[in-house]
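A short write-up of the structure that comes next.
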2 protein chains.
Amino acid sequence: MARMTTSRDVARLARVSQSTVSRVLSGKGNVRQETSERVMTAAQRLGYYVNETARSMKTKKSKSIGVVLPSLLNPFFSETAHSVYTYTKEHDRTMLIELTMDNPRAHQAVVKDLIGRRVEGLLLGAVSTGDTFMEEYCQHPVVPSVMYNRRLSKDIGNWVVSDNKLGSIMATTYLLTQGHRDILYVSGDMAYSTAVDRLMGYKFAMDNAGKKPRVVCGNYDYVQTFEVVGNVLDAEHFRQPTAIFAGNDLMALAVIGALTNRNLGPKSDIAVIGFDNISWPARRDINLTTISQRQDLMLKTALEGLFDLINGRTHTVRTVIKPELIIRGTA
Amino acid sequence: MARMTTSRDVARLARVSQSTVSRVLSGKGNVRQETSERVMTAAQRLGYYVNETARSMKTKKSKSIGVVLPSLLNPFFSETAHSVYTYTKEHDRTMLIELTMDNPRAHQAVVKDLIGRRVEGLLLGAVSTGDTFMEEYCQHPVVPSVMYNRRLSKDIGNWVVSDNKLGSIMATTYLLTQGHRDILYVSGDMAYSTAVDRLMGYKFAMDNAGKKPRVVCGNYDYVQTFEVVGNVLDAEHFRQPTAIFAGNDLMALAVIGALTNRNLGPKSDIAVIGFDNISWPARRDINLTTISQRQDLMLKTALEGLFDLINGRTHTVRTVIKPELIIRGTA
DNA sequence: GTGAAAGCGCTAACAT
DNA sequence: ATGTTAGCGCTTTCAC
């Protein structure tokens, strides 16, 4: 491609100074109507697009916020990304997405990358509990950040998370009151606070009811859960659980998949409950009973908090969102 | 946040010139081992991150490619986004995502935005057939672009799409050979070439078989399809279709949802076939019969083409990907 | 209301 | 091997 037109080119054609072009296109400063029109026409004719790179270089505002997510293959996070886009746009910012690909070790690099690109703030949705880089970062931040959904084990930095332990207790208790005694819990990847807290809640509720907890690990992964739960279902010498509580909806879907595969019906044969309440399209036929993280509220809170941080309106943002039990058709 | 450290700060601390810092951190130019280490230590101590904005300002390479998608709520496109991330990363580029929110009118603005940010190339996955801005853009491009999946009606610009008409014929013919005569087609939003071509294929195949086509419009939207198809199913005075062919998988899921809601089974009562072959998590219990767009191949082709364009290795990229019939459990 | 000039933080000649 | 210098394309004083 040929060299791109600059404001200088526009200035030459419009017979004004380059700073006048800047004034017209940024909408700042007084410019005579006629001059303005001449500039606009010239810009149009040359197919001029303001160079945002140069602009943010000068203004020291990148107008962008960095978002770190584990993956876009989990509906929970692709929905998050979609909403982040909407909200940041409302705040006249663009979102820069980075993915860790479900690998905690990739986190540090993508955060550094985002900082290098001079994002004005960081929304971190893939923090693992023991991330030492993040621990240090929270002590000496260069750019405001808020952890979303997942957080560090040390209670530092800014975060908006849901009360995962409580949500887990709610789910387990609900199954208990439905008469279930053998409740299998499918855990997520224990590298993340959500998995830790949810497991804790499940154990707490089971202990309280004097029931024996039974746990398998699905790692927040569809395929792994499908297999691991399948193994449980196929083990003939053990008592089958009457209910399965999955640590997130993605794994709950895998559970249902494993069930269907064996001609077992969710609820009719084995109750299934998830966690997240993803507003994912197949909900009408799956109709999953789940714990809502109230994702939209959580995200909005995190983002508003981040903007408050950016604008110096606050120093800390720490919010716990109360989860909700959503009873549908699978439990 | 305090002013960020610059290479100048690092230079001062390391007692070298600023350009030496640049040489060390960009890995270009010869620097003595010892000097290099001194710079690295200084950078470390100051928490220095190279300002990519300034760097790309100077090098005139943004190291980023712009991606326009209709939405991240449709699994087809969130999967696309996920893969784009992987591929662009392999090419040492970052992806800048913009969404049209399924609104063709939003397209022009987001493309301009991306150009303003000086992306090196554009992957356009949300082009509508009659977009006059894009038509003009293709004649006088400022930045290389390739349309992905959807394209203009005028045959201009660069594109990688699947043979949607053929795919549609394959789906319809398959249903016909299965003995179906009353096949309902659920169309997508006719603003997009995919919807136009798929409808054409369906009609062609039906005509060929001497069957009467029957079409409703789901606009590529889950909720709308759920309702529209529900209406058909509830219309008592009409003959029910024995098979439903949905213009994409998202709508096929809505069809199955509407079926399930009425205690009808896909295949057992009414056959369902989709289009896309999204590798979406619930596939094991839904087990949707569909037409594969071979998304991965299509995307890879589009992106490789885009990079070829960027590097001046080619002038045009136009590829039609042959679709595949994937027979599973719903038809 | 408009122009001239400085400078954002880098890289890339060009010197030495 | 390292320092000096000149911009990249803007915004923003400061003059006039």
request  = Please tell me if the side chains of B:R93 and B:Y87 come closer than 4.5 Å, counting only heavy atoms from C-beta onward.
outcome  = no
key: Side-chain donor/acceptor of B:Y137 to backbone N/O of B:V143, under 3.5 Å   = yes
key: Rounded distance in Å - CG (A:D9) to C1' (D:dC10)   = 13 Å
task = Please tell me if the side chains of B:L303 and B:L123 come closer than 4.5 Å, counting only heavy atoms from C-beta onward.
result = yes
task = Send over the distance from A:N30 CG to D:dC16 C1', rounded to a whole Å.
result = 16 Å
Polar atoms only, N or O, under 3.5 Å: list the protein pairs with nucleotides 7-11 of chain C and their distances.
unit_1, atom_1, unit_2, atom_2, d
C:dG7, N2, A:K58, NZ, 3.2
C:dG7, N3, A:K58, NZ, 3.2
C:dG9, OP1, A:K60, NZ, 2.8
C:dC10, OP1, B:S7, N, 3.4
C:dC10, OP1, B:Y48, OH, 2.6
C:dC10, OP2, B:S7, N, 3.0
C:dC10, OP2, B:S7, OG, 2.5
C:dC10, O5', B:Y48, OH, 3.2
C:dT11, OP1, B:R55, NE, 2.5
C:dT11, OP1, B:R55, NH2, 3.0
C:dT11, OP2, B:S22, OG, 2.4
C:dT11, O2, B:K58, NZ, 3.4
C:dT11, O4, B:Q18, OE1, 3.4

task = Please work out if A:S56 contacts a base, only the sugar-phosphate, or nothing of the nucleic acid, heavy-atom cut-off 4.0 Å.
result = nothing
ring-ring contact (aromatic ring centres under 6.0 Å, His included) against A:F307, all qualifying residues, sequence neighbours excluded = A:H91
Test item: B:L99 and B:F77 side chains (from C-beta on) under 4.5 Å apart, heavy atoms = no
request  = Tell me whether the OP1 or OP2 atom of D:dT2 has a side-chain N or O from B:T20 closer than 4.0 Å.
outcome  = no
key: Listed once per pair and sorted, the salt bridge (Lys or Arg N to Asp or Glu O under 4.0 Å) pairs that draw on residues 5-26 of chain A, sequence neighbours left out   = A:R3-A:D9, A:D9-A:R12
